[in-house]
Amino acid sequence: MKPTHPYIAAAVWCVAFFALVPSMSAQEAPFPWHTGVPQDWSQSHIVFSRDTLALHPNLIYREPRVLHQAMQRWQAPNSDIFRGADLSSAVAGSSSQHRDWSVPMAGHVSTDMFPAKFSFDAAAPPDCTNDYVVFGLAAKGTTGGPANLVGFNKLYSGTGPPVGICGTAPNVLFAYNITTAGTTGRILTSPVLSLDGKKIAFVESIAGAPGSAIFHVLTWTAGQGTIAASAAPTMTSLTFSSSASDTFSAPWVDYGADTAYVGSDNGLVYKITGVFKGTPTLISGGGWPVSVGTLKLTAPVLDAFLGLLMVGSANGSLYQIKTATGAVSTLVVGGGPGGGVAAAPIVDITNGTTFAVSANDGASAVLVEVDTVSMTVLTKGRIGQGASGGVSVPLYEPAPSNNYYNDPSTGVIRLCGTGAFDTTPWQFAFGFTGRLMHSTPSFSQQLLTSTAARCSGWSEFFNPNIGTTLGTDFFFFGLTQDCTGTGLPGGCVARITNTNTTPLTATVKGGTSAIIVDNYSTASQASSIYFTAENLQTAYKFTQNGLQ
């Protein structure tokens, strides 16, 4: 019989789990242990549940994203694991008096593109020197001009009261302009960090006819460059596509194999070896590169247990690629105008399922749960009119709740859709029986009455130090305009919780990029979210609790 209290259940599992970590560290593992915690776009696209993970413990070796999330989720309040608490601070409560930071830059993070955060030591308090966040910007330029890859440290800053533990403002850790093709190269997709945080992998997209795309691995140096006067980067570069650019497909790094997978705008998926530990090399042959249609692709997501790569396309299809052979299977998720899969799929590597979103399957917008192996639809949840009414409505990734990671039957998956007969933004939540998502939402609510406002994708983070003894499960997303209800095109960042689904909002011009959430430390200004404004060239840090 399962423990009914989530902390009891988590504690029982974690005692066994963390007891194994020292012995696992002594064995030969495919990636180094305790080298830091990257928090980039890929972390939120791999999900799992505690009970099924216990049946496949080898995944903790194979996929470090599992270890990182398990360390963060299954700890009691004030634990020393994953951003240990600053015991001199009071437990975080309302941050209505906090004032965090914003920094003007030379560009912004594109829609549904994430910054990346690195935490230097998961078992230590927040580090003002070694913890950093990096923003890859959709800005052109040349070395010496404005930077389009910018890193900050002294993150846990703010004017207060109280003043942040790192002071009143962040510090520019490094600032580069990575453009290698005249002035046309830009960063349009999310960067990925090495496990030790010393390297950053990303794509430079070159506009034009036919366009091209370059895979870079940059080794940063503290103190190089400023936002206004960038430094020349030290990086290896590999042109993987000479026939198309890359607008939406961020690289997925398989840390164990030191291999990256990335797509281009003409429907090709590429395999690159030697990413962080060697020399990036494009694989040609053995089925690679793989053709999956002719249109723009999402970022791919790897189920390392099955050896299957999942990727969406602007043609409305979800593709499965066998990494060993390049063999492709196809499932049509959306169809008709605006029916493309716009965001990378969410892959549950312990339950063998994949979630994909389309704004139009011919009848409505949909959230689809798919069996990853058989590529058959398990459940289709309808999430409003979407683009089926003839108006473009991009819809992005959902976010499972913290309880899903304990047992899907106790959790939900949340996302934005629209009204049933209009394009007003709505929030939806779907429950589960076993691994199977329900086709009818357990909850839905209109967010705004504006038919022009659009949602970003959702980011989830469980913070055991905020709220009741059960902690608080936070969900963050952006809205592009009309958040004030006055018709003004303000836009905002929005937050709901597991106990309060009425959004708390803070004004952000044009809404937000995709959002990275960092940690649950109780130190001042140290539990935060990071993003840029879509209509303002500014990077932001807001506290999780209060959005200040």
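The shown structure was predicted, so the numbers you read here are calculated from the model rather than taken from an experiment.
If you check the side chains of Asp265 and Ser245, you find a donor sitting under 3.5 Å from an acceptor. A side-chain N or O of Asn177 and one of Thr179 form a donor-acceptor pair less than 3.5 Å apart. Using modelled atom types and a 3.5 Å distance limit, the side chains of His216 and Glu204 yield a donor-acceptor pair. If you check the side chains of Ser49 and Thr52, you find a donor sitting under 3.5 Å from an acceptor. Side-chain polar atoms of Thr354 and Glu369 form no donor-acceptor pair below 3.5 angstrom. Between the side chains of Asp348 and Thr350, a donor-acceptor pair is found at a separation under 3.5 Å. Side chains of Thr353 and Arg435: no donor on one and acceptor on the other come within 3.5 Å. In this model, a donor atom of one side chain and an acceptor atom of the other lie less than 3.5 Å apart for Lys541 and Ser528. Side-chain atoms of Thr376 and Asp371 form no donor-acceptor pair, as typed in the model, at a separation below 3.5 Å. Residues Ser119 and Gln39 have side chains that bring a donor and an acceptor to within less than 3.5 angstrom of each other. Thr111 and Glu534 share a donor-acceptor pair across their side chains, judged by distance under 3.5 Å alone.
Lys277 has no carboxylate O lying under 4.0 Å from a charged side-chain N of Asp258, or vice versa, which leaves the two without a salt bridge. Between Lys117 and Asp40 there is no salt bridge, since none of the side-chain N atoms of the basic residue sits less than 4.0 Å from a carboxylate O of the acidic one. At a threshold of 4.0 Å, the pair Arg62-Asp254 counts as salt-bridged, since one of the basic side-chain nitrogens sits closer than that to a carboxylate oxygen. With salt bridges taken as basic N to acidic carboxylate O contacts below 4.0 Å, one links Arg382 and Asp361.
Both tests pass for Arg65 against the ring of Trp252: distance under 6.0 Å to the centre and angle within 45° of the axis. A cation-pi contact, defined as under 6.0 Å to the ring centre and within 45° of the axis, links Arg414 to Phe475. The cationic atom of Arg73 (NZ for Lys, CZ for Arg) lies less than 6.0 Å from the six-membered ring centre of Tyr405 and within 45° of the ring axis.
Nearest heavy-atom pair, Ser358 versus Leu395, reported as atom, atom and distance to 0.1 Å: O-CD1, 4.5 Å. Ser194 and Phe118 make their closest contact through O-CE1, 4.2 Å (heavy atoms, listed as atom of the first residue, atom of the second, distance). Here the closest heavy-atom approach between residue Ser364 and residue Ser388 is recorded as CA-OG, 3.8 Å. When all heavy atoms are compared, the tightest approach of Asn360 to Pro337 is ND2-O, 2.9 Å.
By the neighbour-count criterion of 12 heavy atoms within 6.0 Å, atom NZ of Lys380 is densely surrounded, having more than that number from other residues, nucleotides or ligands.
Annotation: Phe474 is not in aromatic contact with Phe461 [ring centroid separation under 6.0 Å not met].
Remark: side-chain polar atoms of Ser230 are not paired, donor with acceptor, to backbone N or O of Tyr176 under 3.5 angstrom. Asn148 places a side-chain N or O within 3.5 Å of a backbone atom of Ile178 that can act as its donor or acceptor partner. No donor-acceptor pair closer than 3.5 Å links the side chain of Lys199 to the backbone N or O of Thr219. Checking side-chain atoms of Trp41 against main-chain N and O of Pro251 turns up a donor-acceptor pair under 3.5 Å. The backbone N or O of Val412 sits less than 3.5 Å from a side-chain atom of Ser401, completing a donor-acceptor pair. Thr532 places no side-chain N or O within 3.5 Å of a backbone atom of Ala539 that could act as its donor or acceptor partner. Side-chain atoms of Gln544 come within 3.5 Å of backbone N or O of Asn519 as a donor-acceptor pair. Checking side-chain atoms of Thr325 against main-chain N and O of Ala327 turns up a donor-acceptor pair under 3.5 Å.
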- Should Tyr540 and Phe531 be marked as a ring-ring contact (aromatic ring centres under 6.0 Å, His included) after you check the CA-CA gap, both sets of side-chain angles, and the distance that decides it? CA-CA 6 Å; Tyr540 288 94; Phe531 56 88; 5.5 Å; yes

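Between Phe428 and Phe430, the two ring planes are parallel [angle under 30°; tilted spans 30° to 60°].
The shortest distance between side-chain heavy atoms of Thr180 and Met235 falls below 4.5 Å. Between Ile46 and Ile349 the shortest side-chain heavy-atom distance falls below 4.5 Å.
If you run ring-ring contact (aromatic ring centres under 6.0 Å, His included) between Tyr132 and each of Tyr530, Trp220, Phe120, only Trp220 comes through.
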